[in-house]
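Just so it is clear: chains get the letters A, B, ... in the order the sequence lines come, proteins before strands, and each one is counted from 1.
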2 protein chains.
Amino acid sequence: MTEPAKPGAAAPTAPLKKYARQGKSNATIYDIARAAGVNPSTVSRALSKPGRVSAKTQKLIEDAAAELNYHVNPFARALPTGRTSTLGLIVADITNPTFFDIIRGAETTATAGDYTLMLAESAESAATELTAARRMLATVDGLILASPRMSDDEIRDLARDKPVAVINREVRGVRCVVPDVNKGIGEAVRSLAANGHHKVVYIAGPLPSWMSARRWDGVRSACEWSHLDAVRIESSKPTVEGGREAAREVLASGATAVLSYNDLLAIGLMQELQAAGIEVPDQISIVGFDDIFGADFTTPPLTTVRSPLGECGSRAAAMLLDTLHGSAPEVAETLRVETELVVRGSSGRLINGT
Amino acid sequence: MTEPAKPGAAAPTAPLKKYARQGKSNATIYDIARAAGVNPSTVSRALSKPGRVSAKTQKLIEDAAAELNYHVNPFARALPTGRTSTLGLIVADITNPTFFDIIRGAETTATAGDYTLMLAESAESAATELTAARRMLATVDGLILASPRMSDDEIRDLARDKPVAVINREVRGVRCVVPDVNKGIGEAVRSLAANGHHKVVYIAGPLPSWMSARRWDGVRSACEWSHLDAVRIESSKPTVEGGREAAREVLASGATAVLSYNDLLAIGLMQELQAAGIEVPDQISIVGFDDIFGADFTTPPLTTVRSPLGECGSRAAAMLLDTLHGSAPEVAETLRVETELVVRGSSGRLINGT
DNA sequence: CTCTCCTTGGCAACCGGTTGACAAAATGTT
DNA sequence: AACATTTTGTCAACCGGTTGCCAAGGAGAG
């Protein structure tokens, strides 16, 4: 129909003839209106505003719609209303299994609420993240930021345009879902103290990571409480590789127990220590964070402070849905979810006690 | 502006006032046209049809656009053209790490091509999958199906409406990206034969899985070639749990080497066997498929036939992009990517030789 | 200095729904 | 039976771009 017809069309703009406007399934409300003998706007109301149309007409229209195999055109709807029935999710790194569960949780509740999830990655860069966020913001009804790297102000700025939910970080004025690390860390540190450890080292994550800072805070204060020494070292990157690289410094620190920013670091560290002939947990105890997929594949399986990441994703999506449905509290409150220690084999009693 | 104003608005339809049509950033081509003193259609052309407008006017318009911080409204564009700059990806199970590389690969090339990726999950159900696919088809320019569970005909049906690319399955008439298992399997079986094994058991995946069938074919013929016995057993589900459950049957089979449909099964099996005091690989060699994240976390690390899943995702996205740009071959050809054996610790010489 | 031909810009219709304003019909009131 | 009120449906404008068609303007040719 809308075909160029002219064969002289240029190359760069060419394509798609094969798929252009297939006959089927593109019935419009006008077709329905004609079939049902009513006005298009009546069709529109019947299909989206329950109760605005008499039961009889309603039925007539619904039947016609079913007959014609009608589906709304999302763009036509989005244009005047701005509603898209789509939620966006931006994660720092799709490779990082920490986000697996978040994605899954968000996708599940989005779908359950008849929304679709759009996914983008920021490659751990604040600039890329902001670009992706801005781009998405145009096409989604709400945006979830998982462990965002951009500044608080930038986040608040985004939140001024569309509902935004943040995971793994607390930003004033924006709805957040944050695992409350204290319980889990408390359990971990008490367990280490009970097993004869006196000095704990924390392997930090990326500097801009809000969560890494919270975890270090938590470790420090829990250690103080339990009369343990706590020192902190930095990592180059929050990956298995980064964990390997941290091994030397860990040994140099003289600590007998390690808490690391995440499980990936913990796993890398454990691999490297074991390769160097060090027994885990007999000589060094290792505790990770998050309980990611695969944390129990290691030998010994990794002890870790579990964050309910799937729940975080799901809650964040639910927050957006609530906001979009108008049933959300006025003030942006932070939702805290519990963390807990999952004791596996990588932590335990110190054998070669100091 | 478009505010209801009437406070009597009903509850269920209420929301969003806070975010309605923020003043900023919604400059339109009309605003630009006014600012540049030209017609809106000229602006449209300047912004999308290179060369259709004189350099001078072009510059004028671009400056005005930059000035006003203009961004096209994707919906307004999608409405008349049908183009959305969006690609859809449907995976069977977001939890399954097999798909993470695929997602990542697809997301990366989609983004590189200025497309956005939409993600949906089918929960391993053909019906859900079809629903999700249909839903997506309305809003994307192309669709990637990863390990689809629906029928060939259903897939071809979808492909009639919009470009479709399939990963991990071959469907006649549809563009596919399929790891060619033979090389990897050949290497694996030869390696097992060389290490003194005589009987191999294959743990199958879900019955509807095309790939599981291919792998079994490959195992059988490679074993024939190397004069090994090959038997097949079924699994309840393609997960770690499923692998555990398969352990009994594996032992009962009398085989000394296992190839399992995927790494998850292999890992579960290994855990269960080790728990029963069986040495891997001394008593039983285990080989998985895919080389998923975490496959090297185990002790011993898992030997596996690696499929370049990231590449599959990336290639599938590229196929769609090509098709959309009109630079794709007429006939739908299947792209085969190589697999290779990654030898780690879970396979090796049989010690208690038969 | 005309007369083509080509480039460039403008007009207006269109994509497919949504929605405020209003009129017609149905219902209830006195 | 006449009037007030509510329900139901229609009209028409609008969302923000895209694009076929046409005309004005400029360049080049004769």
Side-chain angles (χ1 to χ4, degrees), chain A residues 1-6 8-10 13 16 20-22 25-34 36-61 65 68 70-85 138-139, chain B residues 1-6 8-10 13 16 20-22 25-34 36-61 65 68 70-85 138-139:
Chain A
M1 278 169 197
T2 348
E3 216 72 317
K6 273 275 191 57
T13 347
L16 255 196
R21 309 224 163 275
Q22 281 292 324
S25 108
N26 43 8
T28 72
I29 55 169
Y30 297 91
D31 300 330
I32 298 179
R34 203 175 323 119
V38 298
N39 190 282
S41 55
T42 304
V43 176
S44 173
R45 292 207 171 86
L47 264 24
S48 47
K49 297 258 165 53
R52 182 64 224 284
V53 146
S54 75
K56 213 178 56 190
T57 322
Q58 180 83 28
K59 173 111 175 45
L60 211 59
I61 290 173
L68 295 169
Y70 170 82
H71 295 290
V72 286
N73 179 324
F75 307 112
R77 172 172 289 173
L79 189 46
T81 62
R83 273 181 264 123
T84 66
S85 295
T139 55
Chain B
M1 279 169 195
T2 348
E3 216 71 316
K6 272 276 191 54
T13 345
L16 257 198
R21 308 224 164 277
Q22 282 290 325
S25 109
N26 44 9
T28 72
I29 55 169
Y30 296 92
D31 299 329
I32 298 179
R34 206 176 318 119
V38 298
N39 190 282
S41 58
T42 305
V43 176
S44 173
R45 291 202 175 91
L47 265 25
S48 45
K49 296 258 165 56
R52 181 62 223 281
V53 148
S54 74
K56 213 178 57 193
T57 322
Q58 180 82 29
K59 172 111 177 48
L60 210 60
I61 290 173
L68 294 169
Y70 169 82
H71 295 290
V72 287
N73 179 324
F75 308 112
R77 171 171 289 174
L79 190 46
T81 63
R83 272 180 265 125
T84 66
S85 294
T139 55

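Taking the side chain of B/Ser41 as heavy atoms from C-beta on, and the options C/dC11, C/dG9, D/dG17, the nearest nucleotide is C/dC11. Listed candidates were D/dG9, C/dG9, C/dG16. Nearest to the side chain of A/Thr28 is C/dG16. The side chain of A/Arg83 has C/dT19 as its nearest neighbour among D/dC21, C/dG16, C/dT19. Which of D/dT10, D/dG17, C/dT19 sits closest to the side chain of B/Arg77 comes down to D/dG17.
Put simply, the side chain of B/Thr84 does not reach to within 4.5 Å of the side chain of B/Thr139, judged on heavy atoms.
Nearest heavy-atom pair, A/Ala36 versus A/Leu60, reported as atom, atom and distance to 0.1 Å: O-CD2, 3.5 Å. The two residues B/Tyr70 and B/Leu47 come nearest to each other via the heavy atoms CE2-CD2, 3.7 Å.
Atom OG1 of B/Thr28 sits about 7.0 Å away from atom CZ of B/Arg34, to the nearest 0.5 Å.
Under 4.0 angstrom from either OP1 or OP2 of D/dT18 there lies no side-chain N or O belonging to B/Lys49. The side chain of B/Arg45 contributes no N or O atom lying less than 4.0 Å from OP1 or OP2 of D/dT18. Taking only side-chain nitrogens and oxygens, B/Asn39 comes nearer than 4.0 Å to OP1 or OP2 of C/dC11. For D/dG9, the OP1/OP2 oxygens have a side-chain nitrogen or oxygen of A/Ser54 closer than 4.0 Å.
Rounded to an integer number of Å, the gap from A/Ile32 CD1 to C/dT18 P is 11 Å. Atom pair B/Ile29:CD1 and D/dC15:C1' shows a separation of 12 Å (rounding to whole Å applied).
A/Tyr30 comes within contact range of at least one nucleobase, with a heavy-atom separation under 4.0 Å.
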